[in-house]
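Report on the following structure.
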Amino acid sequence: MSWSNESSYSQPIYMQQEDAIKEEELKTFVSTLPHKKTHFGPSIYQYQGFWYPLSILSGVMNFQRNFHSQSSDIFTITFPKSGTTWLKSLLFTLSNRRQFPVNDANHPILTANPHQLVPTLEIALYIKDQNPNLDHLLSSPRLLGSHLPWTVLPEPIKNSSTNKIVYLCRNPKDVFVSLWHYENQLVGPNKMGLDSFKKSFESFCEGLNLSGPFWDHILDYWKESKKNPGKIFFLKYEDMKEQPGLHLRRLAEFLDCPFSSDEEESGLVEDIVKLCSFENLSNLEVNKNGKVSQTGMHNSAFFRKGKTGDWKSHLSEEMILKLDGICNDKLGGFGIGLGLGY
Ligand code: PAP
């Protein structure tokens, strides 16, 4: 893995369109898929019920076809903008705490963005390479990330009785607001157009986002976590914000690395929470000025406010009613409880 802050891409992966797919077989296949133009430029394609920018689709298919899991693999899975960066930092620090002591001045989290330490497989590795070498990962057991929906996930992961998945979700109104700000970063300051917020909102409500629709993504993992709680840990950003220590301890139990009484007494739980806090991560040099080498995104784009409820200062009454209505229709009755009023 390259640790440099230099990107090998002239523009972020999401924005690349031309020649995004090189293989002829894939090109022909992709041309048969339903697709739509996004309001900010690149088209997105519907594959197995979910939407992807063309530039990422080959990564999705390569990952799906070629990935071999190891029995101890741990996956962080999220719908984009649900707190992925935070989850990756927490799990990396938690599961590697013997190899990398938390208070070490050379802890990897201090000099590498969490997306470098825990790559999002279909985006960071499988786009460039049909069979990427994963030996370079610092984390042991392997810690790997994905935004893929359950149905699209490679079969070896779904079928494994030992792989573990931590799924983090977030209130969809905050997800949307975070996504819109991220789109602005992708396209460039002030280039989105005056009505972009409204257009972006309409797309979100139609499910037209990377790995969308949002509601199907969440619901499938919710159901799977109920069927197999030893394999899938379903976590909410809002709960994590409210009681980070409690949920970190639950995560440690789930990953079979519970905190010992010595660790508890030394304040390790609080130290991990602090190391991975928004305030700490967003102020690190690597996250202020670096780039994710595999995707070309500025690390700073993954740190905006890190709060719950920012939607209140962005969404109109009409938008709130619309999005809550959709989520209520799709998710109500399942007991997920994302602060949607049910
Ligand atoms: P990704 O799915 O594209 O990797 P992701 O990390 O989920 O992105 O989204 C970034 C969001 O997580 C931002 O939310 P905001 O726009 O509402 O502010 C970002 O601020 C938030 N975030 C990043 N790091 C942390 C953290 N350590 N604690 C809490 N929130 C965080």
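Hydrogens, waters and symmetry mates are skipped; everything else that's a heavy atom, side chains included, is used. Both counts, for ligands and for their atoms, begin at 1 and track the order of listing.
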Salt bridge (charged side-chain N to carboxylate O under 4.0 Å, His left out) evaluation trace for K236 with E242: CA-CA 10 Å; K236 293 175 208 158; E242 215 169 291; over 6 Å; no

Parallel, tilted or perpendicular: rings of F63 and Y126 (30°, 60°): tilted

Heavy-atom neighbours of K158 NZ exceed 12 at 6.0 Å: yes

T78 N/O under 3.5 Å from ligand 1 N/O: no

Cation-pi geometry met for K241 and W86 (6.0 Å, 45°): yes

Where ligand 1 meets C276 - atom numbers and elements under 4.0 angstrom, heavy-atom basis: 27 (N)

Close aromatic pair by centroid cut-off 6.0 Å: F234 and Y221: no

Atoms in ligand 1 with a heavy atom of P80 nearer than 4.0 Å: 2 (O)

Heavy atom of K81, distance to ligand 1 below 4.0 Å: yes

Parallel, tilted or perpendicular: rings of F302 and Y182 (30°, 60°): tilted

S89, portion touching ligand 1 at heavy-atom distance under 4.0 Å: neither

Distance under 6.0 Å and angle within 45° of ring axis: R170 vs F214: no

Proximal candidate to atom 16 (O) of ligand 1 [heavy atom criterion; set S178, S211, G306]: S178

Ring centers of F197, F176 separated by less than 6.0 Å: yes

Any N/O pair K307/ligand 1 closer than 3.5 Å: no

Polar proximity ligand 1 side, L281 side, N/O cut 3.5 Å exclusive: no

Atom indices of ligand 1 within 4.0 angstrom of K305 heavy atoms, with elements: 18 (O), 20 (O)

Those atoms of ligand 1 less than 4.0 Å from some heavy atom in H115: 4 (O)

Part of R170 with heavy atoms under 4.0 Å of ligand 1, whether side chain, backbone, both or neither: side chain

Pi-cation contact, W222 with K226 (under 6.0 Å, within 45°): yes

Row check, F278 ring normal vs K305 NZ/CZ: under 6.0 Å, within 45°: no

Distance filter under 4.0 Å to S277 heavy atoms, resulting ligand 1 atoms: 27 (N)

Interfacing atoms of ligand 1 (cut-off 4.0 Å, heavy-atom, H147): 2 (O)

Option set W311, Y182, F302, W86, criterion heavy-atom distance to atom 21 (C) of ligand 1, minimum: F302

Heavy-atom nearest neighbour of atom 30 (N) of ligand 1 within options F79, F176, W180, Y237: Y237

